[in-house]
K.L.:
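Below is a structure I'd like to ask you about.
Lettering of chains follows the sequences in order, A, B, ..., and the numbering in each one begins at 1.
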There are 2 protein chains.
Amino acid sequence: MINAAILGYGTVGAGVFGVLKMNSAAIARRAGDEIRVKYVLDLREFPGDPAAEVLTHDYKDILDDPEVSIVVETMGGLKPAYDFTKQALLAGKNVCTSNKELVAEYGVELLTIAREHSVNYLFEASCGGGIPIIRTFNSSLTAEEIDAVTGILNGTTNYILTKMRVDGQDFGDALKEAQERGYAEKHPEADVEGWDACRKIAILSSLAYGNHVSYKEIPTEGITNIEKADIAYAEALGMRVKLLAVSRRNEKGVWALVAPMLVAKSNMLYYVDDVLNAVFVHGNALGDAMFYGSGAGSLPTASAVAGDVVDCARHLHKTIRSDWSPKKAELLPPDGVCRSFFVRFSGSEAEARDIFGNVKPIRTLGASGEFGFVTEVMSEKNFHEKCSGSGKVIKSIRIA
Amino acid sequence: MINAAILGYGTVGAGVFGVLKMNSAAIARRAGDEIRVKYVLDLREFPGDPAAEVLTHDYKDILDDPEVSIVVETMGGLKPAYDFTKQALLAGKNVCTSNKELVAEYGVELLTIAREHSVNYLFEASCGGGIPIIRTFNSSLTAEEIDAVTGILNGTTNYILTKMRVDGQDFGDALKEAQERGYAEKHPEADVEGWDACRKIAILSSLAYGNHVSYKEIPTEGITNIEKADIAYAEALGMRVKLLAVSRRNEKGVWALVAPMLVAKSNMLYYVDDVLNAVFVHGNALGDAMFYGSGAGSLPTASAVAGDVVDCARHLHKTIRSDWSPKKAELLPPDGVCRSFFVRFSGSEAEARDIFGNVKPIRTLGASGEFGFVTEVMSEKNFHEKCSGSGKVIKSIRIA
């Protein structure tokens, strides 16, 4: 019997409690031992809920119990999750989490503490929900030099963008609907401003390239400025607007970026709609591979956390290797990255051609006094210089 | 230093040799030790090739060398691969392979021997080439009850079907082109008759459901009967013909099937073209997840094998758990499975309606004296009874 404790009985915590119960036979078989949830920590009461029987309000109960070898942190946020996690690791307990905020901020430190105490700090659910992407980096693509990660990593924004396209809603209405359906939070900034996707690409890039990528240094744009007109232009181009989280490694270093981009039909990410997530990984031997699935939701996320619990049970006193070293990756500015850009332009076609060369105007219903076009491939720096010189660029969106 | 030996210096074997060299730094970091290829076994000579320095023609050199702890079997076929693998495992050496034929036929026995000798028999490259799907079952989706696996598991047939659709070729010409490009073998039966996909779905189903699924019991149809007319009908329906390998588990048991099917645009498999592979997995908590990438090719396959080598290096004397038990799964006949069918019919619309209910005729150019329609959802058994009673069904294709 292996004893676990769940910190925080919210959506994910309750999901983990449920999955460990629902699939207990398969889990015991694969873990090599039965896994019991001995404690659930929460400040609230849950009368009538099966968790009520194991509920505690005092973390000390868990920390001081030598029988507890796995702690599941599903509280979210930095405080008190950081302190609780650190204390658990220092006490020689394994920790599994879905808390991307904590992993992006303190992951390096917590991984080091785990290593020093021969335990594990696992966070499969922190990126891509139920999609097993973290373990793919740590255990599968171990013979690869990975040089690119590109993903739709935030379900809320993908849902909003899908609604805007399919139902013709504007951003505000689509956000409201997402909130009503529980896909967006009351304070949706972390999702719609791209911060959540930014943390996730920082985590994935750290694992993929081996050096610590700080999320604070990643240029990040959300989708709050995306209008119906942008969606209409995208449609006219046979493309879709997606919030992409991107990173690349070349001989000079690593760069990363979170921004809405136009995705063509030839790219599988074009077809990833609603709350689904997908991650493309490129390796020097593998080529491209894509991982697709539920990026959020109680049960898929809980499944990933519970998979970490099984992995901890299999490695109670042995740290599973990960490539994320404390050495900081120097992030390059994306200035030199070359791509095409979509531009909405308020000047004349002649003016556009003066600045951007031989562009082909696109006009859509409902956008008067302007037209759109796609530039040739140029560096970000070159593009921004052209834009700031013109005064007639209403808006631009990168093309993936 | 960990010593490995490669058996068979063909496409995959040379790829593994190359990847272990090309990515040696990353591999050593992740394996925790440098990995050296001490031997390459092949009957041929390779003058001037770097492998020439470590070439041997005698397997005994490898078997009797206590320094060799990892054997890479990339010979293909059952003989002598089976004997060599068994001898290596019995001698306490780990074995990694890309040989799906051997894994489907003797995997259960070889896994048992590996377990008894605290070593590993790993075969990530046997299904889906570079796509990390085996380890996903063994190590990631460990908290799931998996109930469905659906895949495009054979690159050759997917390439041929793509060519038939895009270039309007018939099966014979598309096969010929695939052979010229090295995507199909001179004797292409294993691919085009569906046997290769059948072995792969047997392996994946054994891992997913835990009991041994024998590939010999899986009803298997290839793509040799797919004509240009079928592709035209599919196009008219907004669908694509794909060779699908499918298995399901429900409370009654497991069923599996390999057959060409019509796939709609709402299914991501619709967009999987050329030699690419993709596998959908459904779990009771996870929901759907899809894994997509290069299903074949020297380097992607070699990457998967080399990833297994790293995993062996991390677990030299400890068997990594897999869920594939020697207990045989009783395969249900797919009779009770319910779905829609596409039918090409030589009778009148009235006759079709008499048998299949209110069907909507589809006519395409170039198919005269017949029309097509899609049936309502019914069991395989029910459908086949209706067909055999009518005498007017030219052909039918399942709808995925």
Side-chain angles (χ1 to χ4, degrees), chain A residues 15-16 18-20 22-23 25-27 29-32 124 129-132 134-136 138-146 210 265 268 270-272 276 278 280-281 283-294 297 299-300 302-311 314 320-321 323, chain B residues 15-16 18-20 22-23 25-27 29-32 124 129-132 134-136 138-146 210 265 268 270-272 276 278 280-281 283-294 297 299-300 302-311 314 320-321 323:
Chain A
V16 175
V19 168
L20 289 175
M22 173 170 78
N23 293 344
I27 288 171
R29 194 171 73 235
R30 293 167 184 152
E124 181 62 73
I131 307 172
I134 305 271
R135 206 167 277 108
T136 294
N138 285 343
S139 304
S140 285
L141 305 182
T142 50
E144 283 293 320
E145 288 283 7
I146 295 165
K265 280 184 188 163
M268 287 288 268
Y270 176 94
Y271 305 100
V272 177
L276 289 154
F280 260 102
V281 177
N284 67 344
L286 173 67
D288 272 321
M290 189 185 82
F291 306 85
Y292 165 86
S294 297
L299 283 183
S303 165
V305 179
D308 279 349
V309 171
V310 171
D311 224 8
R314 290 179 180 182
I320 300 162
R321 240 205 90 84
D323 228 25
Chain B
V16 175
V19 168
L20 289 175
M22 173 169 79
N23 293 344
I27 288 171
R29 193 173 72 236
R30 291 165 184 154
E124 180 62 73
I131 306 172
I134 305 270
R135 205 165 278 108
T136 293
N138 285 342
S139 304
S140 284
L141 305 182
T142 50
E144 284 293 320
E145 288 283 8
I146 295 166
K265 280 183 189 164
M268 287 288 268
Y270 176 95
Y271 305 99
V272 177
L276 288 155
F280 259 102
V281 177
N284 67 343
L286 174 66
D288 272 321
M290 188 184 82
F291 306 85
Y292 165 87
S294 297
L299 283 183
S303 165
V305 178
D308 279 348
V309 171
V310 171
D311 224 7
R314 290 180 179 180
I320 299 162
R321 241 206 88 85
D323 228 23

K.L.:
Below 4.5 Å, heavy-atom pairs only: which of Gly130(A), Ser294(A), Pro132(A), Gly293(A) has the largest tally toward chain B?
P.N.:
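The residue among Gly130(A), Ser294(A), Pro132(A), Gly293(A) with the greatest pair count is Pro132(A).
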K.L.:
Chain B heavy atoms under 4.5 Å from Asp288(A): which part of the residue, side chain, backbone, both or neither?
P.N.:
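Backbone of Asp288(A) only, per the 4.5 Å heavy-atom cut-off to chain B.
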K.L.:
Describe, in one word, how the ring planes of Phe291(A) and Phe291(B) are oriented to each other, choosing from parallel (under 30°), tilted (30 to 60°) and perpendicular (over 60°).
P.N.:
perpendicular
K.L.:
If we define contacts as heavy-atom pairs under 4.5 Å, which of Thr136(A), Ile134(A), Thr142(A), Leu299(A) has the most with chain B?
P.N.:
Thr142(A)
K.L.:
Once ring-ring contact (aromatic ring centres under 6.0 Å, His included) is applied, do any residues pair with Tyr270(A), and if so which ones, sequence neighbours excluded?
P.N.:
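Partners of Tyr270(A) under the ring-ring contact (aromatic ring centres under 6.0 Å, His included) test: none.
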K.L.:
Please state whether the side chain, the backbone, both or neither of Ala26(A) comes within less than 4.5 Å of a heavy atom of chain B.
P.N.:
both
K.L.:
Between Asp323(A), Leu20(A), Val272(A), who has the most heavy-atom pairs with chain B when the cutoff is under 4.5 Å?
P.N.:
Asp323(A)
K.L.:
Backbone N or O of Ile131(B) within a donor-acceptor pair of the Tyr292(B) side chain at under 3.5 Å?
P.N.:
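Judged by distance alone, no pair lies under 3.5 Å.
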K.L.:
For each of Ala289(B), Gly15(B), Ser140(B), Gly283(B), tally heavy-atom pairs with chain A at distances under 4.5 Å, and name the one with the top tally.
P.N.:
Ser140(B)
K.L.:
Examine whether an atom of Leu141(A) lies under 4.5 Å from a heavy atom of chain B, and if so say whether it belongs to the side chain, the backbone or both; otherwise answer neither.
P.N.:
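Both backbone and side chain.
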K.L.:
I need the Arg321(B) CZ to Asp311(A) CG distance, nearest 0.5 Å.
P.N.:
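Reported value, rounded in 0.5 Å steps: 12.5 Å.
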K.L.:
Answer yes or no: is there a donor N or O on one side and an acceptor on the other, between the side chain of Arg314(A) and the main chain of Arg30(A), under 3.5 Å?
P.N.:
yes
K.L.:
Show every donor-acceptor pair shorter than 3.5 Å between a side-chain atom in residues 303-310 of chain B and any protein atom, with sequence neighbours excluded, or say none if there are none.
P.N.:
unit_1, atom_1, unit_2, atom_2, d
Ser303(B), OG, Glu144(A), OE2, 2.4
Asp308(B), OD1, Arg135(B), NH2, 2.4
Asp308(B), OD2, Phe123(B), N, 3.3
Asp308(B), OD2, Glu124(B), N, 2.9

